[in-house]
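Proteins come first, then strands; the chains are lettered A, B, ... in the order of their sequence lines, and each starts at number 1.
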Amino acid sequence: MSNGKVATNPANRDLETLRHSASHIMADAVKRLFPQAKLAIGPAIEEGFYYDFDVPAPFLPEDLKKIEDEMAKIIKSNTKFERTEISRSDALKMFKDEPYKTELISELPAGEQISIYKHGNFVDLCRGPHIASTGQVKAYKLLTATGAYWRGSEKNKMLQRIYGTAFESKQQLDDHIKHIEEVKKRDHRLLGKELDLYSIQYEDAGPGLVFWHPKGAMIRKLIEDFWRAEHLKHGYEFIYSPHIARLGLWKTSGHWDFYRENMYSPIDIDEQEYILKPMNCPGHILVYKSRGRSYRDLPLRWAELGTVYRYERSGVLAGLFRVRGFTQDDAHLFCRPDQLRDEIIGVINFGTAIFKAFGFSDFKIVISTRPKEKYVGTIENWDRATEALKAGVEQVGLPYEIAEGEAVFYGPKADIHIKDSLGRAWQCFTLQVDFNLPERFDIVYTSQEGKQERPIMLHRALMGSLERFFAILIEHYGGAFPLWLAPVQAVVLPVLETQHKYAVEVLETLKKSGIRAEADLRNERLSNRIRFATNQKVPYMIVVGDKEETDKTIAVRERVKGDLGAMKIEEFITKLATDYTDFKY
RNA sequence: GCUAGCCUAGCUCAAUGGUAGAGCUCCGCUUUCGUAAAGCGGAGGUUGUGGGUUCGAAUCCCAUGGCUAGCUCCA
């Protein structure tokens, strides 16, 4: 049940061992309370542990409490963990009433030493290691109970999984629970509603389809403006392509054969079948093919904020993270083989620069290689592309990992994982080399020698899906967007109705200098409106009363720092310009 | 898709077989108030939808739509 991963440092290994032992203790408790339960697997995982059981009825929240209490007894008894090495036949005999264990044993490679771990009367097939005795588990908590398929396949029986976590100290456990609560508070589905950023009209429009409300749309516009400006600086051109195209295009591209499960049924138009695009690449290739291309034209870098539609199974949809219609910040680069490396370096540098602008600085690159099945193109081309990616990534100087066989069907890729303010890793950026589509569409350029040569195509997205990236940003910032992304940067708050005229004057001045400002003229007490603006995470509140009106000043309050005192409007405008330090744009 | 839980006013939630309710939001009035919630009143629901059981259903049953969590980080 140990996951067999090589722990990178002893502290992690200790924690893994502790959690793994906690999962044994939990299984023991379950067996005591539900003797008919059959054991499946129970590994330590990143944030804790789980154990899968085959039980007649799903666990209820009350059951978790009972199991926790039973675990307390086992821990209190401080029973030793004992390892025994046994033969395969003894193991099969010992676990003859445990069908899942039996299956695991029979699948262990010949010659593998089989071991069991025992504490008290509880015995489990296990590679180990374990802590010395149950009493060493000082801080643990069971979190949730859910269904989980045996070995993750829906063809298999559904088992009942209990998730729990364990730490070396109560303090660490409490911190972890606090962290879980913090993640919940920052949930983009919650903040999206509170800040009126977006909605998904599940019943009226359909699940997985996003409506961007004015505030959210403003943020998207700001992201898009920034994106376009940066692309121009990096030598890209923009194109727009239609949302539907003839089925034949998708047959040529191979998507109809390899990606159909994610595509929607054809639409009948004048007795011709059209497909709602799940990807932008075939369209971009048509633009390439619209005229002859010279070696001098390359590289071509074409970007599009392309909206695509993909079928996702109902059960995997989740807020803005997983939707059925979304906009990719897509680009396709067409280059000569001698330009491939530089283009890869350029794209990776570009990507990391963009992420830094959004406050991300922790990156990990993963290069995915050819899948064993379901791929197109020659192995030789795959190898060439993979080598170019590795060379490119090395050139940039970021550490990388290789994920064998994890690439999509048309080419190897390099993904960047970014870490957010809550320490969670997200993959947004992807760079995929494609030797396949150029072949399928037979795209060429004329070389210096007048020969027809095949260009190499790169697909890339920096943020990936705007919807998903937006969700990540909402949670990363906890809804408190930096000044350059805040949909409303300042709210003007007159103390009394008598200052409304001056408040509107101030508002107009701010607007004229390009600040996204609003005025809250409601007949509410100042403190009420301050509370509202603070909850809406507006960066600056501009309070104007008699004093300010007389002095022709404004009293500035920052959303976190509080009252900054009175200043001239011009002073405030200058201050905002320097406050764009998060990202100057 | 599957398993479990859930769906009551725009939002967050009460009401466990017997007249659907509160707070916030919204609307109106009063209040003229200086840095995180002033007061009063009003509007708003065929309880997701469609069937069924019952004298009577938000509540029980069936179907359907949707949400949430999970569905190999492998003994």
Side-chain angles (χ1 to χ4, degrees), chain A residues 1-5 16 19-20 24 39-50 52 57-61 91 95 98 100-109 112-117 124-128 143-163 184 187 189-190 193-194 196 199-208 261 311-319 493-500 522-536 541-548 555-559 562-566:
Chain A
M1 275 161 296
S2 161
N3 63 19
K5 259 182 13 191
E16 223 177 282
R19 288 169 171 176
H20 183 48
H24 272 224
L39 301 173
I41 58 166
I45 56 175
E46 209 172 285
E47 304 219 310
F49 60 87
Y50 67 80
D52 288 343
F59 295 110
L60 304 170
F95 293 102
E98 293 285 356
Y100 302 97
K101 296 294 177 194
T102 307
E103 185 177 327
L104 293 169
I105 293 165
S106 51
E107 280 175 19
L108 288 173
E112 175 102 355
Q113 177 59 58
I114 296 175
S115 59
I116 55 167
Y117 272 82
D124 199 355
L125 174 73
C126 185
R127 182 191 290 147
L143 300 169
T144 48
T146 56
Y149 294 102
W150 169 236
R151 306 202 136 179
S153 166
E154 52 202 84
K155 292 187 186 101
N156 294 334
K157 182 161 186 186
M158 182 164 279
L159 309 175
Q160 298 304 320
R161 172 173 300 177
I162 300 177
Y163 280 96
K184 252 188 216 161
D187 192 319
R189 290 168 297 191
L190 209 73
K193 202 178 276 175
E194 277 173 16
D196 197 13
S199 65
I200 299 177
Q201 311 280 330
Y202 295 100
E203 312 245 358
D204 293 328
E261 59 196 31
Y311 174 73
E312 297 285 357
R313 301 197 303 169
S314 60
V316 304
L317 297 173
L493 306 171
V495 177
L496 293 176
E497 213 173 315
T498 47
Q499 297 112 20
H500 279 194
R522 288 176 304 162
N523 179 18
E524 293 287 350
R525 279 170 166 62
L526 177 64
S527 55
N528 179 302
R529 286 172 288 147
I530 284 180
R531 179 183 149 86
F532 183 77
T534 308
N535 288 338
Q536 288 294 304
M541 284 154 262
I542 309 300
V543 176
V544 292
D546 279 337
K547 227 186 312 166
E548 287 75 18
V556 178
R557 183 188 165 101
E558 205 266 346
R559 65 182 161 192
D563 197 352
L564 302 182

query = Is A/S314 touching bases, backbone alone, or none of the nucleic acid, heavy atoms closer than 4.0 Å?
reply = base
inquiry  = Need one value for A/Q113: base, sugar-phosphate or nothing, where a base atom within 4.0 Å counts as base even if backbone is also close, heavy atoms only.
reply    = base
task = For residues A/R19 and A/E46, report the shortest heavy-atom separation together with the two atoms involved.
result = NH1-O, 3.0 Å
Cation-pi geometry met for A/R161 and A/Y50 (6.0 Å, 45°) = yes
message = Partner lookup for B/A38, please. Criteria are Watson-Crick or G-U wobble with both distances under 3.5 angstrom; report none if nothing qualifies.
response = B/U30
query = How long is the line joining CD of A/Q499 and C1' of B/U32, in whole Å?
reply = 9 Å
inquiry  = Does a side-chain N or O of A/T498 approach OP1 or OP2 of B/U32 to a distance below 4.0 Å, or not?
reply    = no
message = Check the phosphate of B/A69 against A/Y50, side-chain N and O only, distance under 4.0 Å to OP1 or OP2. Yes or no?
response = no
query = What does A/N528 touch in the nucleic acid at a heavy-atom separation under 4.0 angstrom: a base, only the sugar-phosphate, or nothing?
reply = sugar-phosphate
remark   = Ranking B/C71, B/C67, B/C33 by distance to the side chain of A/P207, first place goes to B/C67
ask   = For A/E203 and B/U8, what is the distance between atoms CD and P respectively, to the nearest whole Å?
value = 10 Å
inquiry  = If we count only N and O atoms by modelled type, under 3.5 Å, do the side chains of A/S199 and A/Q201 hold a donor and an acceptor together?
reply    = yes
request  = State, with a plain yes or no, whether a side-chain heavy atom of A/V556 is found less than 4.5 Å away from one of A/I542.
outcome  = yes
query = Mapping A/A145 and A/R557 onto RNA chain B by nearest heavy atom, which one lands closer to the 5' end?
reply = A/R557
request  = Considering only atom C1', compute the distance from B/A22 to B/U47 and round it to an integer number of Å.
outcome  = 16 Å
Spacing of the P atoms in B/A38 and B/A69 (rounded, Å) = 35 Å
key: Proximal nucleotide (of B/C67, B/C74, B/U35) relative to the A/S527 side chain   = B/U35
message = Any side-chain to backbone donor/acceptor pair from A/K101 onto A/A40? Under 3.5 Å, distance only.
response = yes
query = Which value, in whole Å, describes the distance between the C1' atoms of nucleotides B/G18 and B/U54?
reply = 12 Å
request  = Would you classify A/R161 as touching base, sugar-phosphate or nothing, given that sugar-phosphate means primed atoms plus P, OP1 and OP2, and contacts are heavy atoms under 4.0 Å?
outcome  = sugar-phosphate
inquiry  = Regarding A/I114, tell me which of base, sugar-phosphate or nothing describes its non-hydrogen contacts under 4.0 Å with the strands shown.
reply    = base
query = A/R189 side chain N/O closer than 4.0 Å to the phosphate oxygens (OP1, OP2) of B/A69?
reply = yes
message = Quick check: any donor-acceptor pair below 3.5 Å linking the side-chain of A/Y149 to the base of B/C2?
response = yes
Residue whose nearest RNA chain B nucleotide is more 5′ - A/E112 or A/F59 = A/F59
task = Under the side-chain contact (heavy atoms from CB on, under 4.5 Å) rule, what do A/R151 and A/I41 come out as? Steps first, then yes or no, please.
result = CA-CA 9 Å; A/R151 306 202 136 179; A/I41 58 166; over 6 Å; no
message = Does A/E548 contact B/G34 through a side-chain donor or acceptor facing the base, at a distance under 3.5 Å?
response = yes
inquiry  = Does the structure show a Watson-Crick or G-U wobble partner for B/G70, both distances under 3.5 Å? Name it, or say none.
reply    = B/C2
inquiry  = Going by purine N1 to pyrimidine N3 plus the second Watson-Crick contact, or the G-U wobble pair, all under 3.5 Å, which nucleotide sits opposite B/G50?
reply    = B/C62
query = What is the distance from CE of A/M158 to C1' of B/U3, rounded to the nearest Å?
reply = 4 Å
query = In whole Å, what is the span from the CD atom of A/E524 to the C1' atom of B/C29?
reply = 13 Å
inquiry  = If I pick the C1' atom on B/G56 and the same atom on B/U49, what distance separates them, to the nearest angstrom?
reply    = 22 Å
query = A/H500 NE2 to B/G34 C1': how many Å, rounded?
reply = 14 Å
inquiry  = Taking B/C74 as the reference, what is the distance to B/C67 when you measure between their P atoms (whole Å, please)?
reply    = 30 Å
query = Using atom C1' of each nucleotide, how far apart are B/C24 and B/A37 to the nearest Å?
reply = 10 Å
request  = Verify the contact: side-chain N or O of A/R525 to OP1 or OP2 of B/A37, cut-off strictly under 4.0 Å; return yes or no.
outcome  = no
query = Between B/A37 and A/R529, is there an OP1 or OP2 to side-chain N/O distance shorter than 4.0 Å?
reply = no
Donor-acceptor contact present, side-chain A/E98 to main-chain A/L39, <3.5 Å = yes
message = Check whether A/R189 reaches the backbone of A/A318 with its side chain - one donor and one acceptor, N or O, closer than 3.5 Å.
response = no
key: Spacing of the C1' atoms in B/G48 and B/G10 (rounded, Å)   = 15 Å
message = Base, sugar-phosphate or nothing for A/D52? Non-hydrogen atoms, less than 4.0 Å.
response = nothing
query = Starting at CD of A/E497 and ending at P of B/A38, how long is that distance when rounded to a whole Å?
reply = 16 Å
ask   = When you compare B/G21 with B/U8, how far apart are their C1' atoms, in angstrom units rounded to a whole number?
value = 10 Å
task = Return the value, rounded to whole Å, for the distance between atom CZ of A/R531 and atom P of B/G34.
result = 18 Å
message = Please pick, from B/C26, B/C71, B/A36, the nucleotide with the shortest atom-to-atom distance to any side-chain atom of A/R522.
response = B/C26
ask   = What nucleic acid atoms does A/A555 come within less than 4.0 Å of, heavy atoms only: base, sugar-phosphate, or nothing?
value = base
task = May I ask you to decide if A/R559's main-chain N or O and A/T534's side chain share a donor-acceptor pair within less than 3.5 Å?
result = no
query = If you check the A/E154 side chain, which of B/G1, B/G34, B/C73 turns out closest?
reply = B/G1
task = Mark yes or no for a side-chain to base donor-acceptor pair under 3.5 Å between A/N523 and B/C33, with no hydrogen or angle criteria applied.
result = yes
request  = If B/C55 has a Watson-Crick or G-U wobble mate with both distances under 3.5 Å, name it; if not, just say none.
outcome  = B/G18
Spacing of A/L143 atom CG relative to B/A4 atom P, expressed in whole Å = 22 Å
ask   = Hey, is the side chain of A/K193 poking within less than 4.0 Å of OP1 or OP2 on B/U12, counting only N and O atoms?
value = yes
